Amino acid sequence: MSVGIEALFTSALGLAAPWGVAKVDLNTKQRRIDFEVRCSVKLLACPHCGCAEQRIHDRLRRSWRHMDFFQFEAWLHADVPRVACTACGKTGQVGVPWAREGSGFTALFEALALALCQDLPVKQAAGLLRCSDKHLWRRIKHYVDEARALDDMSAVEIVGIDETSVRRGHDYITVVHDLEAKRLLFATPGKDHTTVQAFAADLEAHGGAAADIKHVCQDMSAAYVKGVEEALPNAVISFDRFHVVALAIDAMDTVRKTELREQPQAVIEALGTEDRKAIKGLMWGMRTNPIDWTVKQTNVMYWLQRSGLKSARAWRLKQALRAVYAIAAQTNDPKRAREELDKWLSWARRCRLEPFKKLAQTIKDRIEAVVRGMTDNRSNAYVEAMNGLLQQAKRAARGFRTATNFIAIAYLRMSKLKHLPAHPFAPVALK
Ligand SMILES: [Zn+2]
């Protein structure tokens, strides 16, 4: 290495006195670049009490992985001084400016890792960085905890509460979003009413006030209703479109499955095909939007609609509820929404399909919250968008999907945290 290269890397690594690069070792075969960093002074401040000009007791050898320089894997090495303090009597290792205490990565490497994990599955980010995903998960948790500790929730007034699961049907997580700032505020294992209390406590711990929450958008779960009534005393509840329509789809599915099980012959005759497996597949069209139907599905749905099957009635009821929501969204008029919903409810009550009669009763019991949710398009759209992001967060935790990891990556990606390390490749601001 020529003279001056150490000085060049000292500034490239952002080091300042008393730290500087003493030696650069480039190994092209191993594609590795090693920096020997040295502390040039004999006296240092005590890391415990801050007392200046203390004697260095000894030095401990340590190494840190840094961001690659070009295609070379970069490592920093230093004999880190330990100071024997005459003031407090303790002996302690001084901190290094390029890494946080106890980490084997430099701060810039960690910042790059976090930036990659915002967009890539953690396992894939680990592959690109050539480190273990276990190490990345530990850092994600560390920085998310640190950033959340400084998070400000004082302006939160409108929230959405929803449940998701770490694995399909297992390990439920309750998530709370700020529907105005469009970010994830809180996530915790479980889906009972205590999760809402836990949210209220977390909100208060971050400068918010449970009494300031004016509006909660949620699904029709009785547990969340109870939780909101107990923990968020001034909030009105609205049930979002997504979940109410999902209940209608569930009711329709129950009708369809029961009919196929109890009266298979009637279904076969109406749809003109014998193959039960094919029928099952084609009746999947009942769940999807007509414009997405395949030719075969279009055919089956044609015969279904002209049949006297209970499934046909169930499908019409589900479509009609969708239409009620569409009218509510177009007119944005709560009175009109209520009228349309009342018409639907009276049909559903008289339809002689038990699952729909039950659903009609559920909706009727909480009609005001349902109607409020019908014209609340902003929340409706947001709940659906958030669901998409949660699915991505789930995929990002593939291979290491615990509730803790899922929650950590969801916070990293969806909370718009202001106190995370800056992206190391962010453009330098012009002065
Ligand atoms: Zn001291």
Side-chain angles (χ1 to χ4, degrees), residues 5-25 33-67 69 73-115 129 131-132 134-152 202 205-207 404 408 411-412 417-424 426 428:
I5 200 88
E6 289 80 8
L8 174 68
F9 278 112
T10 295
S11 49
L13 287 165
L15 300 179
W19 300 95
V21 173
K23 204 174 129 224
V24 181
D25 188 6
I33 185 162
D34 288 273
F35 300 101
E36 183 64 36
V37 180
R38 223 159 265 168
C39 175
S40 58
V41 294
K42 297 270 185 292
L43 299 173
L44 283 166
C46 166
H48 292 294
C49 70
C51 186
E53 306 214 314
Q54 297 300 309
R55 221 169 37 77
I56 291 171
H57 174 71
D58 59 2
R59 292 169 194 263
L60 292 178
R61 185 81 180 149
R62 289 188 56 196
S63 297
W64 299 264
R65 173 80 187 281
H66 190 57
M67 291 196 296
F69 269 85
E73 188 170 304
W75 288 82
L76 267 62
H77 310 276
D79 293 322
V80 182
R82 285 203 307 160
V83 168
C85 180
T86 52
C88 70
K90 288 181 185 158
T91 301
Q93 192 170 44
V94 299
V96 295
W98 57 85
R100 60 190 173 89
E101 206 183 323
S103 178
F105 293 157
T106 65
L108 274 177
F109 185 92
E110 291 186 332
L112 175 64
L114 283 187
L129 295 165
C131 66
S132 102
K134 234 183 219 177
H135 284 145
L136 292 193
W137 280 115
R138 214 156 60 211
R139 268 124 186 131
I140 290 168
K141 276 174 227 159
H142 170 84
Y143 282 108
V144 161
D145 283 352
E146 206 176 67
R148 279 199 89 245
L150 299 169
D151 199 24
D152 176 14
D202 190 70
H206 291 95
T404 325
Y411 279 143
L412 178 71
L417 293 170
K418 291 199 174 113
H419 300 278
L420 289 169
H423 194 304
V428 178

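Hydrogens, waters and symmetry mates play no part in the numbers below; they use all other heavy atoms, side chains included. It should be emphasised that the depicted structure is a prediction, and the values quoted were computed from it without experimental measurement. Counting starts at 1 for both ligands and their atoms, in listed order.
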A.B. asks: Under 2.8 Å from the Zn ion (ligand 1), how many protein N/O/S atoms can be counted?
C.D. replies: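 My tally for this metal is 4.
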A.B. asks: Please tell me whether Thr86 and Arg55 have a donor and an acceptor in their side chains that are separated by less than 3.5 angstrom.
C.D. replies: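 Result is no, nothing qualifies.
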A.B. asks: Is a salt bridge present between Arg148 and Asp202, judged by a nitrogen-to-oxygen distance below 4.0 Å?
C.D. replies: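 Asp202 and Arg148: salt-bridged.
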A.B. asks: Test salt bridge (Lys or Arg N to Asp or Glu O under 4.0 Å) on Glu101 and Arg62; report intermediate values, then the result.
C.D. replies: CA-CA 11 Å; Glu101 206 183 323; Arg62 289 188 56 196; over 6 Å; no
A.B. asks: Which heavy-atom pair separates Glu110 from Ser103 by the least distance, and what is that distance?
C.D. replies: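 Taking every non-hydrogen atom into account, OE2-OG, 2.7 Å.
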A.B. asks: If every non-hydrogen atom of Arg59 is compared with every non-hydrogen atom of Pro81, which pair is closest and at what distance?
C.D. replies: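 Taking every non-hydrogen atom into account, NH1-CG, 3.7 Å.
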A.B. asks: Would a distance-only check, ignoring hydrogens and angles, find a side-chain to backbone donor-acceptor pair under 3.5 Å from Glu146 to Val144?
C.D. replies: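 Side chain of Glu146 to backbone of Val144: no pair is present.
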